[in-house]
There are 2 protein chains.
Amino acid sequence: MPSNDPLDRVFMALADPTRRLLVQRLTQGEQSVGDLAQGIDMSLAAVSKHIKVLETAGLLRRRVAGRTHWFSLVPEQLTGALDWISIYRNFWRNRLQALADDLNQPED
Amino acid sequence: MPSNDPLDRVFMALADPTRRLLVQRLTQGEQSVGDLAQGIDMSLAAVSKHIKVLETAGLLRRRVAGRTHWFSLVPEQLTGALDWISIYRNFWRNRLQALADDLNQPED
DNA sequence: TCTTTATTTAACTAGTTGGTTGAATATCTC
DNA sequence: GAGATATTCAACCAACTAGTTAAATAAAGA
């Protein structure tokens, strides 16, 4: 088993262009494996694996109906990743702002 | 060489808890390899490699002064990752909002 | 110049990733 | 029930990751 940490898994899941494409496509709404694999030059089994990585990371949810598996996005984990980045990005932005403010001080 | 895509590299770089710790520590300001490695139960060579991964992803900058290498955060690439996530998170939030609005409609 | 300090590089290893193909499972349709 | 459809599972492989230790490089200090 690879990493167990939710942030590890989410960032890892997003570190692949095929998986980011799948996430992007799922913003159009619920889709099946076949739908998602459309136009991707890769075996269905490989796409299925990518989907499983996203699912394990908690980025999407599977609904099985008959022989078809339907997937849709789940926002919570994306939010966790966003929050992590935001903390440090905001820190940095504040730093730059402080520097700018400082430079604008009268020379005195 | 692994992936060449900037987003791949940034998300991959953040998918490791040691590297996220390094980023977190660098919000305290510029630090050397030795500083950064403090308290991390890992060889200096390993920490040095983690730093290189972050550097290659464009998340930090190296300034060599004498025998010491100083590192500091660079915000641009973090922003790229943040933007990617935001696009889809905002999409999702809007969806939920639309649903909520719909449920609040008078029944007519 | 010799030694210590700061860091990287090289060679190696175990485990993981991302793909393949072929078989298995489950469901739908005739 | 037989065949087609949708998808996963298993076994395999090449490439990459994340660590190790030992040696190399470079600069500082005595």
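Residue numbers begin at 1 in each chain, while the letters A, B, ... track the order of the sequences.
Across all strands shown, A:Ser32 has heavy atoms under 4.0 Å from sugar-phosphate atoms exclusively, and none from any base. Using a 4.0 Å heavy-atom criterion, one finds that B:Lys52 contacts the sugar-phosphate atoms exclusively.
Of all heavy-atom pairs spanning A:Ala81 and A:Leu7, the tightest one is CA-CD2, 3.8 Å.
Every residue was checked against the salt bridge (Lys or Arg N to Asp or Glu O under 4.0 Å) condition with A:Asp16, not counting sequence neighbours, and none meets it. With sequence neighbours excluded, the residues that form a side chain to side chain contact (heavy atoms under 4.5 Å, CB included) with A:Ala45 are A:Ser43. In this structure, the side chain to side chain contact (heavy atoms under 4.5 Å, CB included) partners of A:Leu44, at least two apart in sequence or on a different chain, are A:Val33, A:Ala37. Not a single salt bridge (Lys or Arg N to Asp or Glu O under 4.0 Å) links A:Arg61 to another residue, sequence neighbours left out. Applying the salt bridge (Lys or Arg N to Asp or Glu O under 4.0 Å) criterion to A:Asp5, with sequence neighbours excluded, gives B:Arg20. In this structure, the side chain to side chain contact (heavy atoms under 4.5 Å, CB included) partners of B:Gln77, at least two apart in sequence or on a different chain, are B:Pro6, B:Val10, B:Leu59.
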> Can B:Leu22 and B:Ile40 be said to form a side-chain contact (heavy atoms from CB on, under 4.5 Å), step by step?
Replying inline: CA-CA 10 Å; B:Leu22 296 178; B:Ile40 296 181; 3.9 Å; yes
>> Does B:Leu82 form a side-chain contact (heavy atoms from CB on, under 4.5 Å) with A:Tyr88? I'd like the steps, not just the answer.
In response: CA-CA 11 Å; B:Leu82 193 66; A:Tyr88 301 113; over 6 Å; no
Collect all protein-nucleotide pairs involving nucleotides 28-30 of chain C in which both atoms are nitrogen or oxygen and the distance is under 3.5 Å.
none

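When DNA chain D is scanned in the 5' to 3' direction for atoms under 4.0 Å from non-hydrogen atoms of chain B, the outermost contacting nucleotides are D:dC16 to D:dA28.
Near-neighbour residues of DNA chain C inside residues 40-47 of chain B, defined by a heavy atom below 4.0 Å, number-ordered: B:Leu44, B:Ala45. Contact check of residues 4-16 of chain B against DNA chain D (heavy atom, cut-off under 4.0 Å) returns B:Asp16.
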With a cut-off of 3.5 Å and sequence neighbours excluded, list every side-chain donor-acceptor pair involving residues 48-55 of chain B.
{"residue": "B:His50", "atom": "ND1", "partner": "B:Arg19", "partner atom": "NH1", "Å": "3.2"}
{"residue": "B:Glu55", "atom": "OE1", "partner": "B:Arg62", "partner atom": "NE", "Å": "3.3"}
{"residue": "B:Glu55", "atom": "OE1", "partner": "B:Arg62", "partner atom": "NH2", "Å": "2.6"}
{"residue": "B:Glu55", "atom": "OE2", "partner": "B:Arg62", "partner atom": "NE", "Å": "3.0"}

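Across the protein-nucleic acid pair, B:Glu55 atom CD and C:dT7 atom P stand 13 Å apart, rounded to whole Å. Atoms CG (B:Asp35) and C1' (C:dA6) sit 11 Å apart, rounded to a whole Å. Spacing between atom NE2 of A:His69 and atom P of C:dT27 amounts to 9 Å, rounded to whole angstrom units. Between the CD1 atom of B:Ile51 and the C1' atom of C:dT9 there is a distance of 15 Å, given to the nearest Å. Distance CG (B:Leu36) to C1' (C:dT8): 15 Å, rounded to an integer number of Å.
Contact annotation: B:Arg62 does not reach the phosphate of C:dT7 (side-chain N/O to OP1 or OP2, under 4.0 Å).
Listed by first and then second residue, the salt bridge (charged side-chain N to carboxylate O under 4.0 Å, His left out) pairs involving residues 63-85 of chain B are B:Glu30-B:Arg63 (not counting sequence neighbours).
Follow the hydrophobic side-chain contacts under 4.5 Å out from B:Leu21 and you never reach B:Val74; the two are in separate clusters. Hydrophobic cluster membership differs between B:Met12 and B:Leu78, with clusters built from Ile, Leu, Val, Met, Phe, Trp and Tyr side chains linked at under 4.5 angstrom.
Residues A:Thr68 and A:Lys49 both approach DNA chain C. Their nearest nucleotides, taken by heavy-atom distance, put A:Lys49 toward the 5′ side.
Contact check for B:Val47 versus B:Thr18: no side-chain heavy atoms found under the 4.5 Å cut-off.
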